[in-house]
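Just so you know, ligand 1 is whichever comes first in the structure, and atom 1 is the first atom listed for that ligand. Positions are given from 1, in the same order as the sequence printed here.
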Amino acid sequence: MKLFFSLLLGSCSLAHGLATSPSLVKRDTGPKYRISPIDGSKIALPTKEQLVWQDKEIGVIIHFEIATYLSVDGCNNIPNLLPNVSLFDPTSLDTDQWVDTINSLSAKYATLVAKHNCGFTTWPSEVTFETRDNETIHYNYTIAQSPVHGKDVVKSFVESADKGDIGYGFYYSLMWNNFLNVQSGDVITSSWTPGQVNITNSTYNQVVLDQLTELWTQHGNLTEIWFDGGYTETQQAKIQSLLETQQPGAVVFNGCQTNGTCISANPVRWIGTEAGAAPEENWSSGLTNDGGDPQSPYFCPAECDTTLQTGDRWFYGVNQTLRSLEEMIDVYHNTVGRNCVLELDLAPDRSGLVPSNQAARYKELGDFIRSCYGNPVAHKVSRNDNGVYSFTFKKPTPIDRIVLMEDQTNGQVIRSYQVYAKIADSQTSNGHVPYTLISNGTSVGHKKIDIFNETISVTEVMVNSTYVDTPKWRSVTVHLCDK
Ligand SMILES: *[C@@H]1O[C@H](CO)[C@@H](O)[C@H](O)[C@H]1NC(C)=O
Ligand SMILES: *[C@@H]1O[C@H](CO)[C@@H](O)[C@H](O)[C@H]1NC(C)=O
Ligand SMILES: *[C@@H]1O[C@H](CO)[C@@H](O)[C@H](O)[C@H]1NC(C)=O
Ligand SMILES: *[C@@H]1O[C@H](CO)[C@@H](O)[C@H](O)[C@H]1NC(C)=O
Ligand SMILES: *[C@@H]1O[C@H](CO)[C@@H](O)[C@H](O)[C@H]1NC(C)=O
Ligand SMILES: *[C@@H]1O[C@H](CO)[C@@H](O)[C@H](O)[C@H]1NC(C)=O
Ligand SMILES: *[C@@H]1O[C@H](CO)[C@@H](O)[C@H](O)[C@H]1NC(C)=O
Ligand SMILES: *[C@@H]1O[C@H](CO)[C@@H](O)[C@H](O)[C@H]1NC(C)=O
Ligand SMILES: *[C@@H]1O[C@H](CO)[C@@H](O)[C@H](O)[C@H]1NC(C)=O
Ligand SMILES: *[C@@H]1O[C@H](CO)[C@@H](O)[C@H](O)[C@H]1NC(C)=O
Ligand SMILES: *[C@@H]1O[C@H](CO)[C@@H](O)[C@H](O)[C@H]1NC(C)=O
Ligand SMILES: CC(=O)N[C@H]1CO[C@H](CO)[C@@H](O)[C@@H]1O
């Protein structure tokens with residue numbers, strides 16, 4: 001995927017073509033905000049769907065299609081590459097096994113690549129279209145033409161996700177399709193390769209709409225829809241109205257352009273890197289592909305997508321090594337711990353199974369998260385009002401981190417916070433134990449995790465904050481993980 005993300009930063013410049021007719025869409029996709037009673041600033045308001053999505057914290061993105069059988073990582077930027085459909089031959093395909101791995105990681109949703117840039121579809125698309133020779137043909141670069149015809153990866157994945165009780169959604173790239181010789185949204189007129197079909201730009205846009213209609217109408221409610229590299233201005237209005245009528249509850253990755261044109265009422269934004277790290281300061285509002293902007297009237301939380309395989313490899317790579325558990329734990333803290341939804345790549349191999357080393361590493365990561373954060377140190381709340389949250393312990397208690405969660409129902413309102421503690425061995429000569437600042441920061445949002453420099457033994461913890469409206473702490477918990 002990486003080749004395409006750089007284009008997102010300038011996604012407006014990708015838009016081209018004829019002006020679209022006024023859209024038929026009813027649900028408001030403009031900014032929604034209220035005015036701060038304290039300083040008059042705008043406070044962006046979330047939709048219910050955006051908050052439910054942030055609550056999921058971890059999802060996966062599944063890369064599995066014909067590119068799984070290539071040595072390169074997809075057909076990206078190789079317009080003449082049209083892998084032979086007979087390559088797609090997963091003899092042990094088992095989407096239940098994928099979902100077992102997802103659950104062992106404690107991920108709560110999965111977005112499946114249903115079509116990547118080669119143009120191959122992992123469902124038996126029944127779309128037909130007209131070629132430049134005025135011949136009507138089937139979209140015949142699908143699983144139905146492959147050695148495993150009769151199977152349907154998309155349908156099987158959805159059934160497994162339902163059984164495993166996780167949300168699901170689809171990635172379908174609108175801007176690239178080697179089968180139809182489409183690059184950056186245009187049917188190109190040069191460099192043809194055998195097997196590619198010659199069509200017009202308007203036929204291409206209809207194929208996209210027809211295939212999205214198949215994906216969005218046959219599989220129930222989707223959690224997330226991924227637009228890698230966005231969509232063209234010509235495609236926009238019809239896709240927006242299809243979204244509105246068929247999938248109004250899905251969150252849409254890349255759902256807004258930086259100038260404030262949004263295709264969905266539930267947009268989410270890209271964090272701007274694929275390393276698995278958000279900026280320390282990362283707001284739930286803002287339209288740019290970075291840490292966002294607390295002043296923005298658009299609630300548009302960030303998603304941090306990254307790989308488990310080394311080398312930014314998304315499709316299964318033969319002999320590709322995996323990132324270490326330690327590195328993946330850092331990824332968790334630098335994303336989920338910084339108000340970013342973490343989307344981890346899952347790369348089933350050529351047999352159609354998640355390789356055992358990937359499955360094992362993801363289980364280890366899930367085990368770490370459950371053991372470190374599953375059982376907070378018990379405490380007695382002394383105060384939870386006016387943005388101050390404090391609690392005490394009967395006896396000096398060792399802790400090494402704090403997890404802060406803000407209730408964002410009425411928008412993200414905390415602008416900075418300080419965490420103080422009474423440290424057991426910091427008693428001064430007169431017996432008075434002073435507060436010591438143990439961590440501080442700016443954005444909290446859905447979740448902020450601060451790991452202390454060292455384990456400290458405390459009798460009291462107090463968190464206070466600056467804000468644009470009186471905040472509600474959804475939870476404040478302390479933990480001891482480095483036991
Ligand atoms: C694809 O591979 C099959 C089986 O190897 C072969 O029969 C067919 O000719 C190939 N098609 C193209 C377009 O190369
Ligand atoms: C295809 O149909 C269009 C519109 O009817 C016509 O202008 C064009 O000449 C036809 N092309 C071929 C190759 O028959
Ligand atoms: C797809 O259909 C075209 C036109 O009918 C045909 O030339 C081509 O061989 C077909 N490809 C496959 C993989 O079936
Ligand atoms: C599609 O549109 C682009 C941009 O207008 C143009 O460069 C390209 O030639 C068009 N393709 C075809 C097949 O007409
Ligand atoms: C595609 O169709 C156009 C219009 O009919 C024609 O000019 C062009 O040569 C065709 N390209 C190929 C590779 O067949
Ligand atoms: C799907 O979403 C629609 C609208 O968001 C909702 O009315 C419907 O109840 C949902 N269906 C299921 C099965 O959850
Ligand atoms: C944003 O840019 C798109 C495409 O360039 C344009 O159609 C749209 O009108 C712009 N929106 C605003 C709010 O300026
Ligand atoms: C993978 O590793 C094996 C064992 O070292 C080696 O034989 C094989 O050539 C490697 N394959 C690739 C594609 O690198
Ligand atoms: C933690 O350690 C870092 C690096 O040594 C230092 O900059 C920072 O001030 C320390 N923080 C606290 C709260 O002691
Ligand atoms: C955290 O506290 C330190 C020491 O008082 C201060 O220099 C820094 O600016 C604070 N950072 C934030 C984000 O408030
Ligand atoms: C938080 O509490 C500390 C210690 O009482 C105090 O020094 C600081 O000014 C307070 N900050 C805010 C923003 O209320
Ligand atoms: C601390 C930090 O990384 N802050 C960044 C938050 O995001 C904004 C917008 O990208 C940046 O300007 C800040 O530097």
Notebook entry, point to check: Does the pair Ser416 and Thr466 meet the rule for a side-chain hydrogen bond (donor to acceptor under 3.5 Å, both in side chains), with working shown?
Noted result: CA-CA 5 Å; Ser416 74; Thr466 62; 2.6 Å; yes
Next item on the list: Fit a plane to each ring of Tyr141 and Phe179, take the angle between them on a 0 to 90° scale, and name the class: parallel (under 30°), tilted (30 to 60°) or perpendicular (over 60°).
Entry: parallel
Next item on the list: Assess Lys115 against Tyr171: is NZ or CZ under 6.0 Å from the centre of the six-membered ring, and within 45 degrees of the ring's axis?
Entry: no
Check: Any donor-acceptor pair under 3.5 Å linking the side chain of Arg34 with the backbone of Ser36?
Finding: no
Note to self: I'd like to know if the side chain of Asp407 reaches the main chain of Arg474, judged simply by a donor and an acceptor atom lying under 3.5 Å from each other, with no hydrogens or angles considered.
What the structure shows: no
Notebook entry, point to check: Checking side chain to side chain contact (heavy atoms under 4.5 Å, CB included) for the pair Arg323/Thr307: CA distance, chi angles, key distance, verdict?
Noted result: CA-CA 8 Å; Arg323 295 164 81 182; Thr307 62; 4.1 Å; yes
Notebook entry, point to check: Arg269 and Cys256: side chain to side chain contact (heavy atoms under 4.5 Å, CB included), yes or no, with the steps?
Noted result: CA-CA 7 Å; Arg269 70 181 204 276; Cys256 288; over 6 Å; no
Which N or O atoms of ligand 2 sit under 3.5 Å from a protein N or O, and how far apart is each pair?
unit_1, atom_1, unit_2, atom_2, d
ligand 2, 2 (O), Asn134, OD1, 3.2
ligand 2, 2 (O), Asn134, ND2, 2.3
ligand 2, 11 (N), Asn134, ND2, 3.0
ligand 2, 14 (O), Asn134, ND2, 3.3

Next item on the list: Give yes or no for whether the N/O distance cutoff of 3.5 Å, strictly under, is met between Thr442 and ligand 10.
Entry: no
Margin query: Please list, in number order, the atoms of ligand 10 under 4.0 Å from a heavy atom of Gly441.
Written below: 13 (C)
Next item on the list: Please identify which atoms of ligand 8 are closer than 4.0 Å to at least one heavy atom of Asn319.
Entry: 1 (C), 2 (O), 3 (C), 8 (C), 10 (C), 11 (N), 12 (C), 14 (O)
